[in-house]
Amino acid sequence: MTYRPTIKQIWHILGLGILLAPILLYNIPYFLRPQQTNEARSLFQGIAYRREFRTNPRPTLIHIVSIDLKAPGIGIFVTPGNPTPDLTETNARTATEFLKEFKLQLAVNGNFFYPCIEKAPWDYYPRSGDRVNNVGHAIAKSQAYSQPNPGFPALCFDAKNRAQIIEKGTCPAGTAYAVAGDTLLVKNGKPVAQSQEERKQDKPYPRAVAAIDKTGDKLWLILADGKQRLYSEGLKLSEITDILMQLGAETVLNLDGGGSVTFAVASPSGAKLLNAPIQNKIPMQQRPISNHLGFYARKNYGFKLRFYLQK
């Protein structure tokens with residue numbers, strides 16, 4: 001005898017499917033995040049990448065990018081801007097949109113910006129294309145579109161790719177590209193001491209920092225995923241400072257953090273995220289932001305090496 005469900009049972013099944021669908025859709029991004037494993041590889045000529053997963057003092061996924069600014073084919077790019085009477089300067093983009101639009105090989109988030117509103121997955125600002133205002137110096141193609149702010153140090157690149165971080169926030173004449181952060185973490189090879197209040201406020205958080213060596217020919221970009229319980233809960237500023245001290249950085253600048261932290265690269269299948277950004281409490285959702293720091297590089301015909309570090 002063949003079993004045939006009744007109309008009532010079919011409606012129950014359909015109703016259950018409708019109820020479960022949003023839950024399933026919401027949880028799909030959790031399975032798209034990078035693995036909690038250690039990995040090292042050469043992304044492009046002159047650009048090396050290391051992913052490190054730490055369990056102590058909390059689970060945290062850390063992304064370390066090392067760029068030889070003198071390597072053949074390395075080019076620097078920053079989101080172009082156009083100041084308008086409404087006091088906005090750029091159209092918000094996600095990292096992958098920026099990467100694809102300007103045909104770059106690597107992109108990370110840049111300046112702090114406003115307005116930035118995040119109330120619900122359907123209620124937030126900016127969306128891609130919305131106008132926003134950058135905080136601190138921002139320069140693209142030798143044209144400044146966001147003015148310096150003495151409270152926001154700037155990462156400046158000249159036409160020969162030499163990098164310098166200017167504590168007072170004003171890039172020198174001849175700067176081709178620049179983005180700004182909010183805090184120097186290392187100066188002259190030594191950690192910048194935190195005040196008692198700063199130590200109290202220093203909590204684990206998604207982080208992005210830029211660091212240079214003494215010559216200005218080597219750049220590190222360090223990103224830490226955060227706000228994702230049991231997966232990656234972020235780093236304190238003091239903790240990410242320790243990492244840069246171990247690498248031998250001369251100067252370290254803290255860039256925009258939180259939901260802005262994004263790291264995208266070009267791949268044969270298109271733009272790809274190597275970190276796990278979080279926007280509107282949804283993992284792998286990118287926040288459209290005011291500007292990005294990007295790099296051109298030649299394809300790498302070398303190797304891919306995976307290794308496991310002591311946790």
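These values consider heavy atoms only, across backbone and side chains, with no hydrogens, waters or symmetry-generated copies. The first residue in the sequence is number 1, and the count goes up from there.
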Problem - Check: Ala271 main-chain N/O paired with Thr96 side-chain donor or acceptor under 3.5 Å - result: no

Exercise for the section: Quick one: closest heavy-atom pair of Gly181 and Phe112, and the distance? Expected result: C-CE1, 4.0 Å

Problem - Tyr114 and Val135, any side-chain heavy atoms less than 4.5 Å apart - result: yes

Practice task
Among Phe98, Phe77, Phe263, find the one that has a ring-ring contact (aromatic ring centres under 6.0 Å, His included) with His292.
Solution key: Phe98

Practice task
Examine the side chains of Gln194 and Ser238 and answer whether a donor and an acceptor come within less than 3.5 Å of each other.
Solution key: no

Practice task
Return yes if some donor-acceptor pair links the side-chain N/O of Arg207 with the main-chain N/O of Leu235 below 3.5 Å, else return no.
Solution key: yes

Problem - Arg127 CZ to Arg287 CZ distance, which is reported to the nearest 0.5 Å - result: 13.0 Å

Problem - Non-hydrogen atoms of Trp220 and Leu247 that approach each other most closely - result: CZ2-O, 3.6 Å

Problem - Point-to-point distance, once rounded to the nearest 0.5 Å, from NZ of Lys119 to OH of Tyr124 - result: 14.5 Å

Practice task
Please report the closest heavy-atom contact between Ile282 and Pro121, naming both atoms and the distance.
Solution key: CD1-CB, 4.1 Å

Problem - Donor-acceptor contact below 3.5 Å, side chain Asp202 vs main chain Leu237 - result: yes

Completion exercise
What one should report as the nearest heavy-atom pair of Phe113 and Pro288 is CZ-O, 4.0 Å

Problem - Contact check, side chains of Ile165 and Cys156, non-hydrogen atoms, under 4.5 Å - result: no

Handout entry: Close side-chain approach of Ser128 and Glu97, heavy atoms under 4.5 Å
Key = yes

Handout entry: Side chains of Glu39 and Glu52 in contact at under 4.5 Å (non-hydrogen atoms)
Key = no

Completion exercise
Note: Gln105 and Leu99 closest approach over all heavy atoms is C-CD1, 3.6 Å

Handout entry: Minimum-distance pair of heavy atoms, taken over all atoms of Thr262 and Leu223
Key = O-CD2, 3.7 Å

Completion exercise
Interatomic distance, CG@Asp68 vs CG@Leu219, rounded to 0.5 Å, equals 10.5 Å

Problem - Rounded distance (nearest 0.5 Å) linking atom CE of Met284 with atom CD of Gln228 - result: 8.5 Å

Exercise for the section: Answer whether the closest heavy-atom distance between the side chains of Arg51 and Ile62 falls below 4.5 Å. Expected result: no

Exercise for the section: Please say whether more than 12 non-hydrogen atoms of neighbouring residues, nucleotides or ligands are located less than 6.0 Å from CD in Glu197. Expected result: yes

Handout entry: Gap separating the CG atom of Asp123 from the CD1 atom of Ile117, nearest 0.5 angstrom
Key = 8.0 Å

Problem - Lys70 atom NZ, neighbour heavy-atom count above 12 within 6.0 Å - result: yes

Problem - Sidechain-backbone polar pair: Asn91 side chain, Arg131 backbone, donor-acceptor under 3.5 Å - result: no

Practice task
Please tell me if the side chains of Ile240 and Asp242 come closer than 4.5 Å, counting only heavy atoms from C-beta onward.
Solution key: no

Problem - Main-chain N/O of Ser260 paired to Asp256 side chain as donor or acceptor, under 3.5 Å - result: no

Problem - Heavy-atom side-chain contact between Leu61 and Pro34 under 4.5 Å - result: yes

Exercise for the section: Verify side-chain contact (heavy atoms from CB on, under 4.5 Å) between Val209 and Leu255, making sure each step is shown before the conclusion. Expected result: CA-CA 5 Å; Val209 303; Leu255 301 174; 5.8 Å; no

Exercise for the section: Have a look at Asn291 and tell me which of Thr79, Asn111, Asn109 forms a side-chain hydrogen bond (donor to acceptor under 3.5 Å, both in side chains) with it. Expected result: Asn111

Problem - Arg33 NZ/CZ over Tyr231 ring centroid, <6.0 Å and within 45° of normal - result: yes

Problem - Pairwise side-chain contact, Gln285 with Asn280, heavy-atom cut-off 4.5 Å (strictly under) - result: yes

Exercise for the section: Say whether Thr175 and Asp158, considering side chains only, have a donor N or O and an acceptor N or O under 3.5 Å apart. Expected result: no

Exercise for the section: Calculate, to the nearest 0.5 Å, the distance between atoms CG and CE belonging to Leu185 and Met245 respectively. Expected result: 11.5 Å

Handout entry: Chi angles and distances behind the side-chain contact (heavy atoms from CB on, under 4.5 Å) call for His137, Tyr145
Key = CA-CA 8 Å; His137 220 177; Tyr145 58 84; over 6 Å; no

Problem - Side-chain donor or acceptor of Ser146 paired with backbone N/O of Asn134 under 3.5 Å - result: yes

